[in-house]
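I have placed the structure first, in the form of structure tokens, so that the comments after it can refer back to it.
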Protein chains: 2
Amino acid sequence: MDKTKRTRLETAGWRVGDAPDFLELTAEEAAFVELKLALADYLRDIRVQHGWTQTYVARVLGSSQSRVAKMEAADASVSVDLLVKSLLTLGVSRKQVGQVIARAA
Amino acid sequence: MDKTKRTRLETAGWRVGDAPDFLELTAEEAAFVELKLALADYLRDIRVQHGWTQTYVARVLGSSQSRVAKMEAADASVSVDLLVKSLLTLGVSRKQVGQVIARAA
DNA sequence: CGATGATATGTCCGATACGACATATGCGTC
DNA sequence: GACGCATATGTCGTATCGGACATATCATCG
């Protein structure tokens with residue numbers, strides 16, 4: 001299993017088993033987490049591409065800098081709802097959102 | 001505005017203005033609701049295609065019949081998280097989920 | 001018309017998500 | 001090193017979500 005991805009998952013609040021890696025996550029859970037990571041990464045891409053700070057994005061979204069940081073980290077406390085709503089608010093189309101999700105794992 | 005769609009939105013717990021239709025929903029809100037409706041419809045399609053009852057699906061998901069009904073109705077009390085998790089659990093791939101979302105409104 | 005099975009609607013309450021704030025870490029620049 | 005700015009992490013109170021249950025609506029069949 002990829003080291004950095006593992007770290008991200010653990011950091012995001014998921015317990016990953018020692019040796020058997022993903023064996024503690026069901027296939028659906030794993031797919032769900034990866035889907036979330038994809039959205040989170042995309043959110044950061046959008047922000048960085050525009051040269052925006054997390055604080056600025058937070059203001060646009062009516063949220064806080066810490067929440068934006070957690071979104072980009074795909075923290076366990078952020079929902080897909082929040083990620084999708086945020087992307088839409090930042091001008092990403094529904095179609096683009098779908099493409100990000102559909103992109104092969 | 002389409003009559004049945006309007007009814008679905010209202011039923012789903014959204015307040016839609018009288019004459020100006022969508023004017024009370026921002027563009028992002030509208031896109032978000034439609035995205036949710038797409039997932040909800042797809043969930044129903046999957047279920048019906050397999051000849052499953054809501055009760056059966058509820059058991060598979062570890063939920064209740066009423067929740068499944070609300071999911072398919074895109075009720076305001078169901079999140080995109082729940083819809084996505086449910087679809088994945090029912091065997092739909094992440095890619096398929098993305099395609100459903102990306103499908104042009 | 002019952003009666004049965006499927007779906008829809010309404011409410012409750014325990015669980016979780018979210019915004020907020022404080023604080024920590026990092027990283028240039030002086 | 002110290003300052004300023006961006007990002008990360010931890011926690012709290014409240015709002016929303018979700019499973020459960022009750023009940024309602026609606027077919028279909030006898």
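Every value quoted in this text rests on a predicted model; they were computed, and no experiment measured them. Each chain gets a letter, A, B and so on, in the order the sequences are listed, and its residues count up from 1.
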Point to revise | Linked, directly or transitively: B/Val60 and B/Val84 (ILVMFWY side chains, under 4.5 Å) | key: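 B/Val60 clusters together with B/Val84.
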Exercise for review: Heavy atoms under 4.0 Å is the rule here; annotate nucleotides 24-30 of chain D 5' to 3' with B where the base is hit, S where only the sugar-phosphate is, and - elsewhere.
Suggested key: -------
Point to revise | Listed partners of B/Ala31 passing side chain to side chain contact (heavy atoms under 4.5 Å, CB included), at least two apart | key: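 By the side chain to side chain contact (heavy atoms under 4.5 Å, CB included) rule, B/Ala31 matches A/Leu88.
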Point to revise | side chain to side chain contact (heavy atoms under 4.5 Å, CB included) partners of A/Ala69, counting only residues at least two apart | key: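 Once residues adjacent in sequence are excluded, the partners of A/Ala69 under the side chain to side chain contact (heavy atoms under 4.5 Å, CB included) criterion are A/Gln54, A/Gln65.
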Nearest-0.5 Å distance, [atom1] of residue [X] to [atom2] of residue [Y]:
{"X": "A/Leu82", "Y": "A/Lys70", "atom1": "CG", "atom2": "NZ", "result": "12.0 Å"}
{"X": "A/His50", "Y": "A/Tyr56", "atom1": "NE2", "atom2": "OH", "result": "9.0 Å"}
{"X": "B/Leu39", "Y": "B/Leu43", "atom1": "CG", "atom2": "CG", "result": "9.0 Å"}
{"X": "A/Asp81", "Y": "B/Asp81", "atom1": "CG", "atom2": "CG", "result": "5.0 Å"}
{"X": "B/Asp41", "Y": "B/Ile46", "atom1": "CG", "atom2": "CD1", "result": "12.0 Å"}

Review point. Any salt bridge (Lys or Arg N to Asp or Glu O under 4.0 Å) pairs touching residues 47-59 of chain A, not counting sequence neighbours?
Key: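 Pairs touching residues 47-59 of chain A that pass the test: A/Arg47-A/Glu72.
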Review point. For DNA chain C, what residues of residues 43-59 of chain A have any heavy atom nearer than 4.0 Å?
Key: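 Those residues whose heavy atoms fall under 4.0 Å from DNA chain C, taken from residues 43-59 of chain A, amount to none.
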Please list, pair by pair, any protein nitrogen or oxygen found under 3.5 Å from a nitrogen or oxygen in nucleotides 17-23 of chain C.
residue: C/dC18; atom: OP1; partner: A/Ser79; partner atom: OG; Å: 2.3
residue: C/dC18; atom: OP2; partner: A/Ser77; partner atom: O; Å: 2.9
residue: C/dC18; atom: OP2; partner: A/Ser79; partner atom: N; Å: 2.7
residue: C/dG19; atom: OP2; partner: A/Ser63; partner atom: OG; Å: 3.1
residue: C/dG19; atom: N7; partner: A/Arg67; partner atom: NE; Å: 2.8
residue: C/dA20; atom: OP2; partner: A/Ser63; partner atom: O; Å: 3.4
residue: C/dA20; atom: N7; partner: A/Ser64; partner atom: OG; Å: 3.3
residue: C/dC21; atom: N4; partner: A/Ser66; partner atom: OG; Å: 2.6

Exercise for review: To the nearest Å, give me how far apart CG (A/Asp75) and P (D/dG10) are.
Suggested key: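 Interatomic distance, CG of A/Asp75 to P of D/dG10: 9 Å.
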**Study point:** Pair B/Lys85 + A/Glu28: basic N to acidic O under 4.0 Å
**Key:**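 Salt bridge flag = no for A/Glu28 with B/Lys85.
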